[in-house]
Structure formats: structure tokens, C-alpha cells
Amino acid sequence: MTDPTYEFTRAITRRPAPSVIDGLRAQDIGTPDLARMQKAHDHYVATLKSTGAEVIELPPLDAYPDALFVEDTALCLPKGAVLMRPGAPSRMGEVAEMAPALRVCYAELREITGPGHIEGGDILVTGREILVGRSDRTDAAGVAELADIVADWGHTLREVFTPPGVLHFKTDCSLLDGETILATERLDASGCFEGYRVIHTAPGEEAAANSIRFNNLVLMPAGFPKTAETLDKAGFEVVEIDNSECAKLDGGMSCLSLRF
Ligand code: CIR
């Protein structure tokens, strides 16, 4: 019996394009270096593959600087996938670019038609429910439309809080297994994970919260040694990936793939 929350046979990624230097960012902390980003991306893809999964690597899309952050374009569930409707106008066109790859993989492909907006970075699928945080990118109408779709596949959806100033709900949390969540203290303090086992990121290491469990591994951004040690002691096998360049665009481990 596999656990669909972290046992995957496939992932979809997209290589960064030269236009990535124009990607969206909340704050300017420097221009991303494409060569360094590509090297880290190669490490990320190789790590996913090392678990035995097939990785579908899509080509760069120069027209969409943020297109490497594929997670925001869709939600992948065991019974079907849902195309999202990004709240960032410059990212709306990425969805149509993702659709053909998902059509090959899924018999059932649904879509958020609007008027609401929702991005994959605001959605955490756990062993018992789908948590969605409202944010500047995800609104009530987007959440309501997704709730109707996933109800058809037997999922319940619960709307939760995203800390102010945080881009996406999952900027501050990740799933480690169906019942265990890695989260910042500020997000956990909202009470949204009541009943789950929660492991906190170390103080000052909040940016480690956007990690992913992928089969036997946890992919974590490099440079957060205390959190890495906590996960190691809790029995998780951690692989650290250089996230310096994606971090300049508020991107992290989860954004770089769709996993199913
Ligand atoms: C954006 O602002 O949309 C991109 N620069 C970063 C997207 C990160 N995606 C994610 O956390 N799921």
C-alpha cells in the first residue's frame, strides 16, 4: 500500500529560462545567476530521479520568467489533476503551457475557471484533508471552486491562515508524511495543524519550512543546519539543495515540481 501524500512515481519540472532574472519577487535581494540556478536545478532533478521516480523535464519558457515554479500551475491528486488560476497576472499563461503534460498523465483533468484565483503553493495535501491558505494569490472564490472539484474525488478541503507578508501557505510548511508537518512556529501558532505531529523549523531558519518529502527523501534548501539536524534525528533522510538563486524570487523546494 503506497501513501499518496509522499510516495510518487512521477514528477514534472521545467528548466529555468534566461528571462528568470525578471521573475516576480517581493523584495529585490539581487539578480539570480542563471548558471548557478541551473546547476542547483540539475541537482534537484537528479535527487528526485534517485528515488526511482520518472521526471518529466519540460523546456524553458522565456515568455514566462516564473515558469520554473511549476507547482503553482496545478494540483495533482490520485484521481485527477486540477489546473490552477494564478493570482499573479504575469503567471496566468503558464497554466496552458502545463496542460498538455498533465493531459498525457491523467485521464481526468479539471480546471479552475474563475473568476477566483488559486495557486498550488497555497495548497498542502495531508493524509486526511487538503489545507488551503488564502494569500495575495489565492482568494475565497478560488478556494470555493477547488473545494467543489476535490469533493467529487472524496477529499475534504479546509481553509487556513497564511501569515501576513508570506507569499504562499507552503512558504511556511511542508508535509513530511501523512500525519507530520514541518512548519514555522509563526504558522503553527495559528492552530491550523491541531491534531498533527508538527516539527518546527529552528529559530532564524524559517526559510527551511519549504521542503518536500519525495519517497524516501526530504529535499531541503541548504544552509539550515539546525533544522536539518532535527529532521535527521527524527529519522528522515535529508538531501540539501542549493536554493540561493530561487530564494531571490521567493521560490523553494516545493515550487520546482509537480509530484504524483
Ligand atoms: C512568484 O512570485 O510567483 C515566484 N517568483 C515564486 C513562486 C514560488 N512558488 C511557490 O512557492 N509555490
Side-chain angles (χ1 to χ4, degrees), residues 11-34 37 40-41 44 48 58 60-76 81-95 97-98 112 117-125 130-139 142-143 146 160 162-175 181-184 187 201 206-214 219-221 241-260:
I12 299 179
T13 61
R14 186 181 291 285
R15 291 167 70 86
S19 64
V20 75
I21 55 171
D22 298 319
L24 298 173
R25 66 207 81 180
Q27 239 189 323
D28 200 351
I29 54 165
T31 305
D33 173 335
L34 179 61
M37 183 184 278
H41 199 264
Y44 180 91
L48 298 181
L58 300 176
L61 274 182
D62 217 40
Y64 298 104
D66 286 296
L68 74 160
F69 302 120
V70 288
E71 172 181 68
D72 295 317
T73 63
L75 174 65
C76 294
V82 186
L83 294 169
M84 299 281 109
R85 193 160 184 270
S90 68
R91 302 200 59 193
M92 296 256 297
E94 293 174 29
V95 177
E97 299 285 349
M98 177 55 69
I112 303 291
H117 294 276
I118 182 162
E119 296 191 354
D122 283 314
I123 307 172
L124 185 77
V125 181
I130 298 178
L131 300 175
V132 186
R134 252 201 252 176
S135 69
D136 284 351
R137 305 288 182 83
T138 293
D139 59 24
V143 179
L146 180 66
V160 291
T162 300
V166 170
L167 174 62
H168 285 127
F169 177 60
K170 269 189 303 189
T171 305
D172 266 34
C173 65
S174 350
L175 190 93
I181 287 161
L182 172 68
T184 60
L187 178 57
T201 52
E206 286 71 19
N210 185 269
S211 293
I212 54 166
R213 174 78 189 271
F214 191 82
L219 282 73
M220 233 193 87
I241 312 269
D242 173 18
N243 193 50
S244 62
E245 304 316 294
C246 288
K248 291 173 183 167
L249 301 176
D250 309 318
M253 295 296 109
S254 76
C255 336
L256 294 173
S257 58
L258 287 169
R259 305 161 290 277
F260 49 101

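We use all heavy atoms of the structure for the numbers below, so side chains are in, but hydrogens, waters and symmetry mates are not. In this chain, residues are counted from 1 in sequence order. Just so you know, ligand 1 is whichever comes first in the structure, and atom 1 is the first atom listed for that ligand.
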Q. Of Met98, Arg91, Met84, which is the lone residue that meets side-chain contact (heavy atoms from CB on, under 4.5 Å) with Asp72?
A. Arg91

(Q) Looking at ligand 1, would Asp66 count as a contact under a 4.0 Å heavy-atom criterion? (A) yes

Q) Looking at residues at least two apart in the chain, or sitting in another chain, which of them share a side-chain contact (heavy atoms from CB on, under 4.5 Å) with Pro164? A) Phe161

Q: State, to 0.1 Å, how close Gly142 and Ile112 come at their nearest heavy-atom pair, and which atoms those are.
A: O-CD1, 4.3 Å

Q: For the pair Asn210 (side chain) and Met253 (backbone), establish whether a donor and an acceptor sit closer than 3.5 Å, ignoring hydrogens and angles.
A: yes

Q: Answer yes or no for Arg137: is there a heavy-atom contact with ligand 1 below 4.0 Å?
A: yes

Q | Polar atom proximity, Gly251 to ligand 1 (N or O, under 3.5 Å) | A | no

Q: From the options His168, Lys170, Glu71, select the one residue that forms a side-chain hydrogen bond (donor to acceptor under 3.5 Å, both in side chains) with Ser254.
A: Glu71

**Q.** Separation between NZ of Lys248 and CG of Asp28, rounded to the nearest 0.5 Å
**A.** 10.0 Å

Q. Quick one: do Arg14 and Glu94 make a salt bridge, cutoff under 4.0 Å?
A. no

Q: Just let me know how Arg91 lines up against ligand 1, side chain, backbone, both or neither, with a heavy-atom cut-off below 4.0 Å.
A: side chain

(Q) Heavy atoms only, cut-off 4.0 Å: how does Asp72 contact ligand 1, side chain, backbone, both, or neither? (A) side chain

Q | N or O pair under 3.5 Å between His168 and ligand 1 | A | yes

Q. Which residue supplies the protein heavy atom nearest to atom 10 (C) of ligand 1, what is that atom called, and how far is it?
A. Cys255 SG, 2.9 Å

(Q) Quick check on contacts: which atoms of ligand 1 are under 4.0 angstrom from a heavy atom of Asp250? (A) 6 (C), 8 (C)

Q: Under the ring-ring contact (aromatic ring centres under 6.0 Å, His included) rule, collect the residues that match up with Tyr64, sequence neighbours excluded.
A: none

Q) Taking N or O atoms only and a 3.5 Å limit, does Ser254 qualify as a polar contact for ligand 1? A) no

Q) Given Asp122, Val166, Leu249, Leu256, which has its nearest heavy atom closest to atom 6 (C) of ligand 1? A) Leu249

Q) Is Glu71 in contact with ligand 1, taking contact as a heavy-atom separation below 4.0 Å? A) yes

